[in-house]
**Q** 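Shown below is the structure under consideration.
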Amino acid sequence: MRCRLRLSPEAKPRRRDGATSPHTEDEHLMQNWAFTRSCGTKRRRIWNVGSRLSLFLLSMFLLSMGALSPVALGQLPSVGIPAIGVPASSEPVTILPEALPSNALSAVLEEGRKLESNSRWGEALSHYEEALREHRSNKTLLERHNLAKLHYSLDRRYHDRSFRKSISALSGQQVSSLYTELLQKIRTHYVNVPAWRTLGTRGLRAIDIALASSDFRSFNRLQMTTEQLAQLRREMFQRIGQRTLYSPNDVVAMAGETARLLEARAGLSQTATMLEFVAAAANGLDNYSAYLTADQLREVYEQIEGNFVGLGVELKAESGALLIVHVIPGSPAEKAGILAQDRIVAVDGKSTVELSTDEAASMLTGAEGSWVQVTAYSPGQQPRVLNIRRAHVEVPSLENVKIVDTDFGIAYLKIPAFQKTTSRDLEAALWDLHRQGMRSLILDLRGNPGGLLTSSVEVADKFLTQGNIVSTQGRSAQEDFNYQAHYGGTWRVPLVVLIDGDSASASEIFAGAIKDNKRGTIVGTTSYGKGSVQGIFPLGYAGAGIRLTTAKFFSPNNVPISHRGVDPDVVIDKHFVAKPNLSETSSVRTKAIGKINQKSPDAILQAGIRAARSRIAAR
C-alpha cells in the first residue's frame, strides 16, 4: 500500500496552468537522510545519504546527501576482467575544470586508496564526495567515487537482515518481476530519460564486485578457487557484456542470462544475482535515488513520522572511530551520558578499527529493550564503558526554542529536519515565543539535510503573504508544480535564517523562498546545492521500495538550486564557522553591533543576532 501524502489547504501545489493538483500518491522527500546518514546519509547523512554519507541516526536510516553530480558506469570491455568503467553524468556538468592540481589530486586519491585497502568503503565514499563538492567534473574522482559506492552498497545490503532474508524468500521469477517493476518505475517517473545500457552494464559491474567479496561468497556459499572465479568473470563479460540494451526488457533479459550462467557455473542462486542488478540500477541513477530494502523503507517512513527504535545519535566515521555528531534530546544515548564530539571506539567489546562503518552501525542497532555496550571517550579524557538500552526515540521537529536576547526580544529555534509535524509544532512554538515578547526570530537551518517538500512549503507559507515559494519541474508534466504562499495565518515578525554547507534540499527551498521574496536576511555560508525531489515508491516484492528522483526544484526567481545552493545575504567565512553554542548567547547579547568576532565559537549565530537587531531597528 502506497504512502499517501495529505496537503493542507495552504500548501496545495498548483500546476503551471494555475489549477490545483490532485493529492500526490507518493511522499516527496528532499534528502538524505540516507542512513547513511544512518542509521543517516548523510546527515552524515541519516540518508542520504546523502552524506555526510556515513552519518548515522541510529535506527540505521541512511540519510546521505551524496555527491553533487550523478554518476553512472560507461560501457564495459567485452573480454577479460574489466577495469573500472568510465563514469558518465546523466546531466551536463561544466562549472569547474576537468582536473585538480596534480599535488592535490594525488593527496586525495592516496587517502582514498588507503581507505579502500582497509575496506572502509563508507569512509572512502564520504571522502570522495567531499572532494567532488568542489571538483565534481574530475573524471578520476568520479571513477573512484563510483567504485566506492558499489562496494559500500554491497556491504550495506549484506549487513541488512531484511535483504538477506529476501535472498532466500524470493524465487527467480519473483525477483525478475521485482526488477521489471523497478525499471518500469524508472521509465515512468525518473527525472531524466534512462540510459538502459548504463543501468544494465552497471549491474554486471555490481555482480563482478560481489563475486570478489568474501561476505557475498560466504553468505551464498560459493566454493571457487581464484582461478575458477577469474574464468567465470571472464566468461560472463565475453558472453553478456556486449549485448544490445535498448529497453527495460533488454536489461531484464541480460540480467536473467547472467543469473542462469552463474547458477550453472558456480551454483549461485538466481535471486542473489538478480538482486545485484536491482540495486545497481536504482543506485546508479544519481546520488539520491536508491533501492530500499524492507528495513530501509520502514526507516524512511519512521523518519517521516519522526520516531524510531535505537540509541538516538548521529554518527560519522572518522579515523577508525565513530564520531558523535549530534545526540537527540531525551534519547537513550543522552541519558547514558553520550555527548556530541565523543568518539565510540568499541561496540560490545570489539574495536571499531576492526569493523567497517556498517558493521559497527549494525551492532548498535537492535530490538527495543535490548542492550548494547559502547566504549566512548571525550577529547582529553579517559575512555568510559557505557551500557545503553535501545528504546523508542522521538525525533524533535524543533530544538532549542528560546529567547536568546531579552533586551531586543530576539527568539531562536532550530529545525533539524522537515518532518510531518514540523509545521504544527512550529506554530505552537511561535505562539509561545510571542507570549514571551518575541520581536524578531532567528530560524536555524544549519545542518538540516532536508525532509518533506510539503513541510518546508508549509513552514515558508507561515512567513509569506503572497508569491511563489518553489516550483518543481520533471520529465513528466505531472511533476510540474508551483507552490504559492497564502495571505491567511502569516507571521510578520522580522526573520533571520541561518544556513551552512550542510543545509540541503527542503531547507534550501525555505531559504530560497525567504531570500527571493525579500522576507528576511539569510546569514551563514552557501548551502549544499541539492535541488532535486525524490519520491518513495513501494515495490511489490520483499517489502522493498525505491527512492527515485522525479523532479528538479527552482527558487521563486526560477534559480536552480542544484550545484549552486542558496547564497547568504551576510556571508561568514567558513573557516570561522562553528556549531551552535547557545550557552554563550548571554555574552553575545551584550556585544555592540559592529565587526563580527571571528573568534566566537559561533560566528554565524552572532551575526544572526546582529542582523535581527538591525531588522528590528529598521521597522
**Q** Could you check whether any side-chain N or O of S126 sits under 3.5 Å from a backbone N or O of G122, counting only pairs where one atom can act as donor and the other as acceptor?
**A** no
**Q** Main chain of Y128, side chain of R144: is a donor-acceptor contact present, judged purely on distance under 3.5 Å?
**A**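 Not at all, since once roles are kept as given, no pair shorter than 3.5 Å links the two residues.
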**Q** If you measure only the distance, is there a donor-acceptor pair under 3.5 Å linking the side chains of S456 and E458?
**A** no
**Q** Looking only at side chains, do K552 and S532 share a donor and an acceptor under 3.5 Å apart?
**A** no
**Q** Provide the closest heavy-atom pair for A124 versus G112 in the form atom of the first, atom of the second, distance.
**A**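 Smallest heavy-atom distance, with atoms named: CB-O, 4.4 Å.
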**Q** Keeping the roles fixed (side chain from H326, backbone from A340), state whether a donor-acceptor pair exists under 3.5 Å.
**A** no
**Q** Please report the interatomic distance CH2(W121) to OG(S153), rounded to the nearest 0.5 Å.
**A**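 OG of S153 is found 13.0 Å from CH2 of W121.
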**Q** Do E394 and H392 have a side chain donor and acceptor closer than 3.5 Å?
**A** yes
**Q** So, do V566 and I561 sit near enough that their side-chain heavy atoms are less than 4.5 Å apart?
**A**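 V566 reaches I561 side chain to side chain.
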**Q** Nearest 0.5 Å, what's the CD1-CD1 distance between I499 and I604?
**A**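 CD1 of I604 is found 8.5 Å from CD1 of I499.
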**Q** Quiz question: by atom type and distance under 3.5 Å, do the side chains of S397 and D425 form a donor-acceptor pair?
**A** yes
**Q** If every non-hydrogen atom of I616 is compared with every non-hydrogen atom of R439, which pair is closest and at what distance?
**A** CG2-NH2, 3.0 Å
**Q** Are any side-chain N or O atoms of D286 and backbone N or O atoms of Y288, one a donor and one an acceptor, separated by less than 3.5 Å?
**A** yes
**Q** Roughly how far apart are E314 CD and I324 CD1, rounded to 0.5 Å?
**A**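 It is 10.0 Å, given to the nearest 0.5 Å.
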**Q** Does any N or O in the side chain of N482 come within less than 3.5 Å of the main-chain N or O of S471, such that one atom is a donor and the other an acceptor?
**A**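 Checked: no pair found.
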**Q** Looking at every non-hydrogen atom in both residues, tell me the closest pair between S455 and T422 and how far apart they are.
**A**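 Nearest pair, atom of S455 first, then T422: OG-CB, 3.6 Å.
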**Q** Quick one: do L322 and L364 satisfy side-chain contact (heavy atoms from CB on, under 4.5 Å)? Show the steps, please.
**A** CA-CA 11 Å; L322 298 177; L364 289 171; 4.0 Å; yes
**Q** If you look at every heavy atom in G451 and A506, which pair is closest and at what distance?
**A**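 In terms of heavy atoms, the two residues are closest at N-CB, 3.8 Å.
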**Q** How close do Q473 and F554 get, counting heavy atoms only, and between which atoms?
**A** CD-CE1, 3.6 Å
**Q** List the atom of R343, the atom of P379, and the distance in Å for their closest heavy-atom pair.
**A** NH1-CG, 4.3 Å
**Q** In Å, rounded to the nearest 0.5 Å, how long is the span from OH of Y528 to CG of N448?
**A** 14.0 Å
**Q** Give a yes-or-no answer on whether the side chains of T472 and E479 include a donor-acceptor pair shorter than 3.5 Å.
**A**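 The answer is no; no qualifying pair exists.
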**Q** Any donor-acceptor pair under 3.5 Å linking the side chain of E302 with the backbone of E299?
**A** no
**Q** Quick check: do Q534 and T550 have side-chain heavy atoms less than 4.5 Å from each other?
**A** no
**Q** Using 0.5 Å steps for rounding, measure from the CD atom of Q466 to the CD1 atom of I469.
**A**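 Q466 atom CD to I469 atom CD1 measures 11.5 Å (nearest 0.5 Å).
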**Q** Quick one: does D461's side chain get under 4.5 Å of H486's, heavy atoms only?
**A**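 Answer yes - side chains close enough.
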**Q** Using a distance-only test with no angle check, is there a side-chain donor-acceptor pair under 3.5 angstrom linking T526 and D567?
**A** yes
**Q** Answer with yes or no whether the side chains of D500 and T525 bring together a donor and an acceptor at under 3.5 Å.
**A** no
**Q** May I ask you to decide if Y291's main-chain N or O and N283's side chain share a donor-acceptor pair within less than 3.5 Å?
**A** yes
**Q** Ignoring hydrogens and geometry, is there a side-chain-to-backbone donor-acceptor pair from R475 to Y190 under 3.5 Å?
**A**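 Answer holds: yes.
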**Q** One pair to check against side-chain hydrogen bond (donor to acceptor under 3.5 Å, both in side chains): D342 and S378. What are the steps and the verdict?
**A** CA-CA 5 Å; D342 279 358; S378 302; 2.5 Å; yes
**Q** With a distance cut-off below 6.0 Å to the six-membered ring centre and an angular limit of 45° from the axis, does R446 pair with Y412 as a cation-pi contact?
**A**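 No; the conditions do not both hold, so R446 does not lie above the ring face of Y412.
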**Q** Quick one: is the NZ or CZ of R613 closer than 6.0 Å to the six-membered ring centre of F408, and within 45° of its axis?
**A** yes
**Q** Report yes if some heavy atom in the side chain of L292 is under 4.5 Å from a heavy atom in the side chain of I546; otherwise report no.
**A**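 Sidechains of I546 and L292: no contact.
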**Q** Any luck finding a side-chain donor-acceptor pair between D602 and Q606 under 3.5 Å?
**A** no
**Q** For the residue pair T465 / T490, report whether a side-chain donor-acceptor contact shorter than 3.5 Å exists.
**A**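 T465 and T490 do not have a side-chain donor-acceptor pair below 3.5 Å.
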**Q** With no hydrogens and no angle check, is any side-chain donor or acceptor of E111 less than 3.5 Å from a backbone partner on A107?
**A** no
**Q** Does any donor atom in the side chain of K149 or N287 lie under 3.5 Å from an acceptor atom in the other side chain?
**A**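 Present: a donor and an acceptor within the cut-off.
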**Q** Under 4.5 Å between any side-chain heavy atoms of I403 and I410, yes or no?
**A**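 No; the side chains remain at least 4.5 Å from each other.
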**Q** What's the separation between atom CG in L125 and atom CD in E130, rounded to the nearest 0.5 Å?
**A**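 It is 10.5 Å, given to the nearest 0.5 Å.
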**Q** Do V108 and L141 have side chains that approach each other closer than 4.5 Å (heavy atoms only, starting at C-beta)?
**A**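 Yes; the side chains approach each other to less than 4.5 Å.
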**Q** Is it the case that the side chain of E508 and the backbone of K530 share a donor-acceptor pair, with hydrogens and angles ignored and the cut-off at 3.5 Å?
**A**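 The answer is yes, because a donor-acceptor pair under 3.5 Å joins these two groups.
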**Q** Could you tell me if the side chain of L430 sits less than 4.5 Å from the side chain of W491, heavy atoms only?
**A** yes
**Q** Would you say F308 and I328 make side-chain contact, with heavy atoms under 4.5 Å?
**A** yes
